[in-house]
There are 2 protein chains.
Amino acid sequence: MGILRKTKSVKILLDEFEEQSTAISAITLIERLHLKMNKTTIYRILDKLEDDGFLHSFLGKNGHKWYAKCSGCSSEEHHDIHPHFQCLDCGKVDCLPTDILIPDIPNRKVHVSQILLQGTCEACFN
Amino acid sequence: MGILRKTKSVKILLDEFEEQSTAISAITLIERLHLKMNKTTIYRILDKLEDDGFLHSFLGKNGHKWYAKCSGCSSEEHHDIHPHFQCLDCGKVDCLPTDILIPDIPNRKVHVSQILLQGTCEACFN
DNA sequence: ATATTTACTGCAACTAAGTTGCGTTAAACG
DNA sequence: CGTTTAACGCAACTTAGTTGCAGTAAATAT
């Protein structure tokens with residue numbers, strides 16, 4: 001049901017995503033903010049921000065949860081199904097604007113696609 | 001370092017994948033075989049069968065580990081990077097022969113791609 | 001066929017990400 | 001300022017997967 005009150009904790013988390021355009025894992029946030037708030041709070045707020053269409057989540061390598069800002073989503077619909085790129089050197093995860101074409105598959109209907117690419121990122125490439 | 005001895009447990013696990021062409025999650029195998037072997041053994045054998053190039057693994061929804069037979073892989077190289085399809089109705093997961101084209105991404109080098117499609121499968125479609 | 005070696009197994013205890021219940025705190029609003 | 005209740009912190013839990021170690025059983029040698 002999304003965020004109802006703009007608490008101190010909510011503001012702190014929003015700031016984290018404002019400062020950084022890359023995706024952030026729940027684990028990273030828990031480490032980074034453990035003096036400021038409890039991990040339960042972090043998970044609950046992330047959940048709600050996702051419901052609100054402010055963040056979207058996906059699973060990185062190891063099946064751990066990552067969050068990144070949405071662009072143009074609402075609480076009604078998430079329409080930012082894009083691939084994510086995780087750098088195997090520095091671990092950074094970005095959203096890729098690139099669209100990957102999912103071909104039609106006979107007798108199946110694809111609703112969701114989760115694409116995680118792994119390799120070497122811009123910064124680590126040089 | 002792969003399988004060295006063809007034990008009873010190894011044979012039982014190989015049979016599971018022989019009988020079924022779809023992917024099987026580690027959790028399912030643990031449930032299904034808990035009278036025949038310990039979960040530690042299951043995880044260890046699956047690991048080794050993957051090293052051997054007999055199985056490949058990937059993460060399903062929830063980040064849980066799934067395994068499926070390889071076709072034409074060796075202990076040197078896995079070259080069956082294909083998309084996987086998980087049915088949201090029955091939960092079944094298949095390997096898709098379809099190739100999905102990963103476009104070149106400026107200043108990044110893609111090494112691995114993990115594509116999980118979710119939707120409605122053949123059987124649940126009708 | 002029996003003995004020896006050591007890879008493999010089972011068990012119990014652990015790790016770590018994420019969840020739940022509940023009593024307390026602090027936003028929001030009259 | 002007082003009341004309401006959403007949100008918080010804490011501790012305890014859940015569960016997938018891992019680790020260490022002593023005992024078992026494949027494979028190989030005798």
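Below, all heavy atoms of this structure are taken into account, side chains as well, without hydrogens, waters or symmetry copies. Proteins get letters first, then strands, A, B, ... in listed order; numbering begins at 1 in each.
Contact detail for A/Gly63 and B/Leu59: the closest heavy-atom pair is N-CD1, 3.3 Å.
The residue among B/Lys8 and B/Lys65 whose nearest nucleotide of DNA chain D is located toward the 5' end is B/Lys65.
Taking atom CD1 on B/Ile3 and atom C1' on C/dT9, their separation rounds to 12 Å, with Å as the unit. Rounded to whole Å, atom P of D/dT15 lies 11 Å from atom CD of B/Glu31. In this entry the distance linking NZ of A/Lys11 with P of C/dA26 reads 14 Å, nearest Å. Between B/Lys36 atom NZ and C/dT9 atom P there is a gap of 15 Å when expressed in whole angstrom units. We find that CG of A/Leu14 is positioned 13 Å from P of D/dA7, with the value rounded to whole Å. D/dT4 atom P lies 18 Å from atom CG of A/Leu4, rounded to whole Å. Whole-Å rounding puts the B/Lys61 NZ to C/dG18 C1' distance at 14 Å. For the pair B/Leu59 CG and C/dA17 P, the computed distance is 15 Å after rounding to whole Å.
Judged as a side chain to side chain donor-acceptor pair (under 3.5 Å), and not counting sequence neighbours, A/Asp89 has no contacts. When the side chain to side chain donor-acceptor pair (under 3.5 Å) test is applied to A/Gln20, the partners found at least two apart in sequence or on another chain are A/Thr22, A/Arg32.
Not a single donor-acceptor pair, N or O on each side, falls under 3.5 Å between the base of D/dA7 and the side chain of A/Arg5.
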query = Hey, mind stepping through B/Lys11 and B/Lys6 against side-chain contact (heavy atoms from CB on, under 4.5 Å) and telling me if it holds?
reply = CA-CA 7 Å; B/Lys11 280 175 204 155; B/Lys6 205 149 199 183; 3.9 Å; yes
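For the segment residues 37-45 of chain A, residues with any heavy atom less than 4.0 angstrom from an atom of DNA chain D are, sorted by number, A/Met37, A/Asn38, A/Thr40, A/Thr41, A/Arg44, A/Ile45.
Note on A/Ile27: only backbone sugar-phosphate atoms sit closer than 4.0 angstrom, heavy atoms only; bases stay farther off.
Heavy atoms from other residues, nucleotides or ligands lying under 6.0 Å from CG of B/Asn62 number more than 12.
The shortest distance between side-chain heavy atoms of B/Val10 and B/Arg5 does not fall below 4.5 Å.
Note: A/Glu16 CD to A/Ile42 CD1 = 9.0 Å, rounded to the nearest 0.5 Å.
Checking the phosphate oxygens (OP1, OP2) of D/dA26, no side-chain nitrogen or oxygen of B/Thr7 falls inside 4.0 Å.
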